[in-house]
Number of protein chains: 2
Amino acid sequence: MLADEKLVLSKTAKTLQAIQSEVENINRIALSVDCVIFGFDENTLKVLLIRSDLKKYAGKWSLLGDLVFPKEDLDAAAYRILKQRTGLGDVYLEQVHTFGTVNRHPAGRVVTVTYCSLINVQHHKLNILDNELHWHDVKNVTGLAFDHQQIFDNCFKKLQKRVQEHPLGFNLLQKKFSLRDLQNLYEAILNIKLDRRNFRKKFFSMDLLVDLNEMEQDVPHRPGKLYRFNYEKYENRVKKWGGIDF
Amino acid sequence: MLADEKLVLSKTAKTLQAIQSEVENINRIALSVDCVIFGFDENTLKVLLIRSDLKKYAGKWSLLGDLVFPKEDLDAAAYRILKQRTGLGDVYLEQVHTFGTVNRHPAGRVVTVTYCSLINVQHHKLNILDNELHWHDVKNVTGLAFDHQQIFDNCFKKLQKRVQEHPLGFNLLQKKFSLRDLQNLYEAILNIKLDRRNFRKKFFSMDLLVDLNEMEQDVPHRPGKLYRFNYEKYENRVKKWGGIDF
DNA sequence: TTTAGAATGTGTAATTTATACACAATATAC
DNA sequence: GTATATTGTGTATAAATTACACATTCTAAA
């Protein structure tokens, strides 16, 4: 009798022991997390990759990941990877999707939970000593190891969508930024050109930027004003009905 | 030495064997899928629940789920649950989120991948003989077993968002439906009232409804026209820039 | 110190989209 | 055949998005 038939037919409650037995002895699977870590540098959206540590994929790049420990929360495992590789804690990190086809990993059955992280590249430059690590322009990310290309593509698409609905982008910028910085960021993430005046109008009308009364320094042209994002005000705002649109 | 330290420090490629050993011997975890199955009946959005099969949660309701087999794709496991419980194959099914805190399940470490499914209640009435199963009005879903309340809330919120951006709702309706049916559906999912004329205008302007030149039958009032959704046309349409809005 | 270069800062008109709202037409039930 | 319920339709207003040009301010180089 198959396990699923058992479940269908039994009308009596399973004991905790019966389930424990299944959990402990039968159906265990290796679980990993993989992090797609984005950064923004030189007006280009970058992703942090590492040379594959598997000989099978020698020379190929892969996402940063590791197996989840049996007594470790999923999110904690993702934070661990991030801290390990960038030295940064307290960064934007969000679960994206779980990939679980049987043969996705050559070492056996490994299901992987993927996370998207956005970090400020300036804040961690130190920890990139490891020369196996490299920031890649997202436009040149091809042929990753394992199913990581699929994972990256999926994550990048979701980022492009989410960044239009939530103020995630600010995690990629310095705390103080000019409107040009902000527009460059959106243009890089979305790979489009935006009208400068309408972009400014849009952000000012949101009323979520705080004018710091400071100017850019060391720019070879008229300096722009600096702003910060007002997270407090944003959090207190309730997003209403967005309309049906597809 | 901890596994993560090994990864950080090693500059040499791991052998496949080394990883296989980790995958096979150390870090395996039980994996389950849980399905949040929505239906639409009597102008009410419903979710399919089952009485918990754990004595600890006797009397409580829970989502439909099962452990994933070691040689089973994640999506296949979700389809298996769905087929088992509703008799339906070929239905809308989408992964939503993975829940993986260490103590979420009393039987030990079980990470669960959650799926959202939308089905046509008319098409499966047969298979609900199992009196442990019940369609619950989503407005009365409280106190579920395990962390299933959290899972349900998460899934329901995502459904409310997604249904405004993609034509998912049609999976909950009969192939032929009136505009009133469609509006009732949206009002039930989003728990709001919509203006009838503007709703019609909106859907007609999308030009994705096919007029079947048929009328409703057996209604105690003027019958409405019947339509079907034009999936082909929708698939061929490229969704453009949606604007920055948060 | 003057000038060229480069980017900032700003407003308005036109278009598109969303909202609010009322009445005649058509079917059933009695 | 009359009451009841729901369908089907249009317009005016408000709001949001788009397209578009010029004066200002700074640096760098002559």
Side-chain angles (χ1 to χ4, degrees), chain A residues 42-44 161 163-165 167 173-174 176-188 190 192-228 237-246, chain B residues 42-43 161 163-165 173-174 176-188 190 192-228 237-246:
Chain A
E42 295 169 324
N43 290 336
T44 309
K161 183 156 182 286
V163 88
Q164 291 179 57
E165 301 172 336
L173 295 176
Q174 308 274 66
K176 301 174 179 186
F177 51 83
S178 67
L179 273 169
R180 165 55 52 190
D181 293 333
L182 191 58
Q183 185 174 341
N184 284 340
L185 176 71
Y186 275 87
E187 291 183 342
L190 299 169
I192 54 176
K193 277 296 187 190
L194 295 168
D195 179 89
R196 196 163 54 92
R197 276 174 292 187
N198 292 336
F199 182 85
R200 298 167 73 89
K201 204 193 309 178
K202 181 72 195 175
F203 267 95
F204 286 140
S205 76
M206 285 179 194
D207 199 28
L208 290 169
L209 296 180
V210 180
D211 185 341
L212 294 171
N213 292 308
E214 293 179 61
M215 306 300 265
E216 287 181 295
Q217 301 294 327
D218 305 315
V219 287
H221 53 76
R222 174 177 177 182
K225 286 179 141 188
L226 294 178
Y227 299 85
R228 70 169 178 83
R237 204 166 276 186
V238 272
K239 181 79 168 112
K240 69 304 162 194
W241 164 247
I244 295 163
D245 193 24
F246 48 82
Chain B
E42 294 169 324
N43 290 337
K161 183 157 183 287
V163 88
Q164 291 180 55
E165 301 172 337
L173 295 176
Q174 308 274 66
K176 300 175 181 185
F177 51 84
S178 67
L179 273 170
R180 165 55 51 189
D181 293 333
L182 191 58
Q183 184 173 341
N184 285 340
L185 176 70
Y186 275 87
E187 292 183 340
L190 300 170
I192 53 176
K193 277 298 187 189
L194 295 168
D195 179 271
R196 194 163 56 93
R197 274 174 293 186
N198 291 338
F199 182 86
R200 297 166 75 90
K201 204 192 308 179
K202 180 73 193 174
F203 268 94
F204 286 140
S205 76
M206 286 179 193
D207 199 29
L208 290 169
L209 296 181
V210 180
D211 185 340
L212 294 171
N213 293 308
E214 293 179 61
M215 306 301 264
E216 287 181 296
Q217 302 294 327
D218 304 315
V219 287
H221 55 76
R222 175 176 176 182
K225 285 177 142 189
L226 294 177
Y227 299 85
R228 71 170 178 82
R237 204 166 275 188
V238 272
K239 180 79 168 109
K240 70 303 162 195
W241 165 246
I244 295 164
D245 193 25
F246 49 81

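In what follows, every chain begins at residue 1, and chains take the letters A, B, ... in the order their sequences are listed.
- Atom CZ of Phe199(A) and atom P of dA19(D) are 16 Å apart (whole Å).
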Could you go through the side chain to side chain contact (heavy atoms under 4.5 Å, CB included) check for Met215(B) and Lys225(B) one step at a time? CA-CA 4 Å; Met215(B) 306 301 264; Lys225(B) 285 177 142 189; 3.9 Å; yes
Can you tabulate the close N/O pairs, meaning under 3.5 Å, that link protein atoms to atoms of nucleotides 5-11 of chain D?
from    : atom 1 : to        : atom 2 : distance (Å)
dT7(D)  : O2     : Arg222(B) : NH1    : 2.5
dG8(D)  : OP1    : Lys225(B) : N      : 2.9
dG8(D)  : OP2    : Arg200(B) : NH1    : 3.2
dG8(D)  : OP2    : Arg200(B) : NH2    : 2.8
dG8(D)  : O5'    : Arg200(B) : NH2    : 3.1
dG8(D)  : N7     : Arg196(B) : NH1    : 2.8
dG8(D)  : N7     : Arg196(B) : NH2    : 3.4
dG8(D)  : O6     : Arg196(B) : NH2    : 2.8
dT11(D) : O4     : Lys201(B) : NZ     : 2.9

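- Residues Asp207(B) and Arg237(B) approach most closely at O-NH2, 3.8 Å, considering heavy atoms.
- Note: Phe203(A) CZ to Leu182(A) CG = 4.5 Å, rounded to the nearest 0.5 Å.
- Counting non-hydrogen atoms of other residues, nucleotides and ligands closer than 6.0 Å to NZ of Lys161(A) gives a total above 12.
- Salt bridge Arg180(B)/Glu216(B): absent, no basic N to carboxylate O contact under 4.0 Å.
- At least one side-chain heavy atom of Met206(B) sits under 4.5 Å from a side-chain heavy atom of Phe246(A).
- The backbone N or O of Val163(B) lies less than 3.5 Å from a partner atom in the side chain of Tyr186(B), making a donor-acceptor pair.
- Within 6.0 Å of the NZ atom in Lys239(B), the count of heavy atoms belonging to other residues, nucleotides or ligands exceeds 12.
- Between the CE atom of Met206(A) and the C1' atom of dT17(D) there is a distance of 13 Å, rounded to whole Å.
- Taking a heavy-atom distance under 4.0 Å as the criterion, the stretch of DNA chain C touched by chain B extends 5' to 3' from dA18(C) to dT28(C).
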